[in-house]
Amino acid sequence: MERRINIFGDRKHRRAYVAAALALGALASAPSAQAAIPSVFGGDLSCTAQPSAGNVRLCSGVTHTFDGTKIDANVILPPVPAKGADGPYPTIGIFHGWGGSKIGLDSRTQDWASRGYAVFSMTDRGWGNSCGATDQDRFSPQCAKGYNHLMDDRYEVRDAQYLISRLADEGVTQPKKVGTTGGSYGGGMSMALAALRDRTMLPDGSLVPWRSPGGKDMKIAAAAPEIPWTDLAYSLMPNGRTLDYVADAPYGSRVGVEKQSFVAGLYGTGLATSNYAAPGTDPQADLTTWFGLINLGEPYDQNPETQSILNEIESHHSSYYIDHSEAPAPLLISNGWTDDLFPPDEAIRFYNRTRTQYPGAQVSLFFMDYGHMRGQNKAADIAVLHARENAWFDYYLKGAGSAPASGQVETLTKTCGTPSAGPYFAANWSKVAPGEVRYDSIAPQTILPEAGDPTVAGAFDPIAGGGACATASGSDQPGTATYRLPAASGSGYTLMGSPTVVADINSVGPTSQVAARLLDVAPDGTETLVARALYRPDINSGTTPTRQVFQLHPDGWKFAPGHVAKLELLPNDAPYGRVSNGQLPVTVSNLQLRLPVLEAPNGGVIRSPAAKVVPPGYTLARDFAKGR
């Protein structure tokens, strides 16, 4: 008799097999979904629903980055979905400013999470619980490289890329639907991530494709940097070589003038709360040595140590110098008219070069009165900006809404005591000012080394002064070169852009500077600062001046009827700008001041813009060349 073999075994084992089969059947018939995300970064950060915030989930704690450095991070997730998969989500990375730490639950991050975004933030290495001054683990092995690298593409920026890509490997983040934003230091991070886009910079400075540890291709889909820098050397020590109408505006060979009150304040904040490398231990992140050398002052240009610092800052800390053989991610860059640290110049140089090299690139600008000191940061204006940023992310990360116009510029004016005027729109930067007010002065004027009223300079200092609407005596200061335009008539005119100075300048001192201030002098004799600049003029070998051009930072400001636009050229703008060692007299003649204005030419004081002065080595940006 044939023996039958029962593959199910005895009754007890048969029951177990039946139960297992039923379970498998249930899984097969269920919709494809994963359990709610319990944690991120391999379990390092547990995720907890926040009932008081609409049940978005906060995952908060410490993890480690690519080189083992400790990083304190937050991930904010949407509420657990009622049905369907819990991720992957389009993701927004938001980054903190200098002296700050990771962004937690606030109205903005909660809103993003409630609308279906995952939100990532971290405390940058060298700050807070990422090996900062008060971190109890600061001297442990996990913080051996956790010192402040000054927003280095190879370290802080790579940290952000690495951690976001880990979220992609864990099914939290969509690998190619990543957006980035943040203000100031975080704006610099956002600019760098957008410029790198789908690449990572290694410690040797080389670029490789940005891939997750699990091999996923990663990409920044959109960025909205707020008050960022693009050239860190220029933003801290401007030399006046940036022009808002040229295709490419690199720093150049002349080391500029330190924004002393800002640089000292930033260094001091970091010294107290960050983690600086011990002097001499890392020449690529030696902030203490750099600060000391800068404050010794001129001569800078022939000092090999100064040039070494400049090379480092350009190579690894400034988005403008990141290899641009590919277009950046779509960018909506915002800067503040009254921000004396990272003014609109920082956005415009990147915008002009990108649009010249990649005419179809999606890059737009938004300027208003906000940012660092002296920015007023009006709530109504911030709300407009955030609405534009939300629309930007919704389109590029979710495909929702209409495509933003490429190259568009939106502005709100600075006002004192009243709501900002605007918004005003232009198709591109070359079209923001259809008119121009010009003033000519042939007679020579000499800027004396000791000239300038310290009480006026103090009133306009961004750190200790009276803010965007501070006033001072509008009297001319002896020893300065001063130019007064006729009082505005009719309905006045609205500055919209960069005041331009074209003049014959004779500066025989190799370390001399020219500080410029454009002021609004009211009928009562008081003046308000409208725009400023620090300029390192060309050196003249004899008594023959050279024709030179430089610009003051852009602004949007209405010169009301009866008000006088006054240009003031001084030997320094201390305490804002450092007094130069060895300042000598500087003579200025045949000066022309050009004020770009919002109003169209009217056959009177408002004219058509004059042809741009393009110095040797520069070319017009594409938008300006097309308008010829």
For [X] and [Y], which I'm curious about, is there any donor-acceptor pair between the side chains at under 3.5 Å?
{"X": "H372", "Y": "D339", "answer": "yes"}
{"X": "H316", "Y": "Q284", "answer": "no"}
{"X": "T288", "Y": "Y267", "answer": "yes"}
{"X": "S121", "Y": "N74", "answer": "no"}
{"X": "D72", "Y": "W127", "answer": "no"}

Would you call [X] and [Y] a salt bridge, using N to O less than 4.0 angstrom?
{"X": "K219", "Y": "E326", "answer": "no"}
{"X": "K70", "Y": "D137", "answer": "yes"}
{"X": "R154", "Y": "D152", "answer": "yes"}
{"X": "K216", "Y": "E170", "answer": "no"}

Provide the closest heavy-atom pair for [X] versus [Y] in the form atom of the first, atom of the second, distance.
{"X": "L332", "Y": "P225", "result": "O-CD, 3.4 Å"}
{"X": "P462", "Y": "F262", "result": "CG-CE1, 3.5 Å"}
{"X": "M151", "Y": "Y185", "result": "N-OH, 2.8 Å"}
{"X": "D153", "Y": "S315", "result": "OD2-O, 4.2 Å"}
{"X": "V56", "Y": "S114", "result": "CG1-N, 3.9 Å"}
{"X": "N377", "Y": "Y370", "result": "OD1-CB, 3.1 Å"}

Distance (rounded to the nearest 0.5 Å) between [X] [atom1] and [Y] [atom2]:
{"X": "L105", "Y": "L58", "atom1": "CG", "atom2": "CG", "result": "5.0 Å"}
{"X": "I313", "Y": "L150", "atom1": "CD1", "atom2": "CG", "result": "5.0 Å"}
{"X": "D345", "Y": "S235", "atom1": "CG", "atom2": "OG", "result": "10.0 Å"}
{"X": "L385", "Y": "R388", "atom1": "CG", "atom2": "CZ", "result": "9.0 Å"}
{"X": "C469", "Y": "D369", "atom1": "SG", "atom2": "CG", "result": "7.0 Å"}
{"X": "S184", "Y": "E226", "atom1": "OG", "atom2": "CD", "result": "10.5 Å"}

Under the 6.0 Å and 45° cation-pi test, does [X] pair with [Y]?
{"X": "R115", "Y": "F393", "value": "no"}
{"X": "R353", "Y": "Y320", "value": "yes"}
{"X": "R532", "Y": "Y576", "value": "yes"}
{"X": "R349", "Y": "Y351", "value": "no"}
{"X": "R158", "Y": "F66", "value": "yes"}

*Would you say K176 has more than 12 foreign heavy atoms packed within less than 6.0 Å of its NZ?*
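Count not over threshold, so no.
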*Over 12 non-hydrogen atoms of neighbours within 6.0 angstrom of NZ in K398*: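 Counting neighbours around NZ of K398, more than 12 heavy atoms of other residues, nucleotides or ligands fall under 6.0 Å, so yes.
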*Applying side-chain contact (heavy atoms from CB on, under 4.5 Å), run through K177 and T91 and close with a yes or a no.*
CA-CA 6 Å; K177 294 296 181 182; T91 298; over 6 Å; no
Name the atoms and distances for all side-chain donor-acceptor pairs under 3.5 Å in residues 191-202, with sequence neighbours left out.
| unit_1 | atom_1 | unit_2 | atom_2 | d |
| --- | --- | --- | --- | --- |
| R197 | NH1 | A327 | O | 3.4 |
| R197 | NH1 | P328 | O | 3.3 |
| R199 | NE | L196 | O | 3.1 |
| R199 | NH1 | D323 | O | 3.2 |
| R199 | NH1 | D323 | OD2 | 2.8 |
| R199 | NH2 | A195 | O | 2.8 |
| R199 | NH2 | D323 | O | 2.9 |
| T200 | OG1 | Q161 | OE1 | 3.2 |

_Could you work out, with side-chain contact (heavy atoms from CB on, under 4.5 Å) as the rule, every residue matching A133, not counting sequence neighbours?_
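Testing A133 for side-chain contact (heavy atoms from CB on, under 4.5 Å), a comparison that skips the adjacent residues, returns R138.
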Any donor-acceptor pair under 3.5 Å from [X] side chain to [Y] backbone:
{"X": "W112", "Y": "N390", "answer": "no"}
{"X": "E156", "Y": "H149", "answer": "yes"}
{"X": "S420", "Y": "T413", "answer": "yes"}
{"X": "D169", "Y": "G214", "answer": "yes"}
{"X": "H317", "Y": "L232", "answer": "no"}
{"X": "D231", "Y": "S318", "answer": "no"}
{"X": "S130", "Y": "T123", "answer": "yes"}
{"X": "K414", "Y": "A468", "answer": "yes"}
{"X": "T273", "Y": "T269", "answer": "yes"}
{"X": "Y117", "Y": "D394", "answer": "yes"}

_Go through it in stages, so that I can follow the logic: the residues are T181 and I94, the test is side-chain contact (heavy atoms from CB on, under 4.5 Å), and I'd like the CA-CA distance, side-chain angles, deciding distance and then a yes or no._
CA-CA 5 Å; T181 188; I94 181 168; 4.0 Å; yes
_Centroid-centroid under 6.0 Å between W429 and F367 rings_ =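 Yes, the ring centres sit under 6.0 Å apart.
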*With ring centroids as reference points, do Y147 and Y155 lie under 6.0 angstrom apart?*
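Distance test on ring centres: not under 6.0 Å, no.
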Side-chain heavy atoms of [X] within contact of [Y], under 4.5 Å:
{"X": "I37", "Y": "V172", "answer": "yes"}
{"X": "V119", "Y": "Q110", "answer": "no"}
{"X": "Y321", "Y": "T230", "answer": "no"}
{"X": "K102", "Y": "S60", "answer": "yes"}
{"X": "K259", "Y": "P238", "answer": "yes"}
{"X": "D86", "Y": "R57", "answer": "yes"}
{"X": "S107", "Y": "H386", "answer": "no"}
{"X": "F291", "Y": "L271", "answer": "no"}

*side-chain hydrogen bond (donor to acceptor under 3.5 Å, both in side chains): pairs with one or both residues in residues 37-46, sequence neighbours excluded*: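 Every pair satisfying side-chain hydrogen bond (donor to acceptor under 3.5 Å, both in side chains) with a residue in residues 37-46: D44-T63.
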*Trace of the side-chain contact (heavy atoms from CB on, under 4.5 Å) decision for I333 with N335*: CA-CA 7 Å; I333 315 172; N335 285 89; 3.8 Å; yes
_Trace of the side-chain contact (heavy atoms from CB on, under 4.5 Å) decision for Q408 with S364_ = CA-CA 5 Å; Q408 180 174 275; S364 295; 4.2 Å; yes
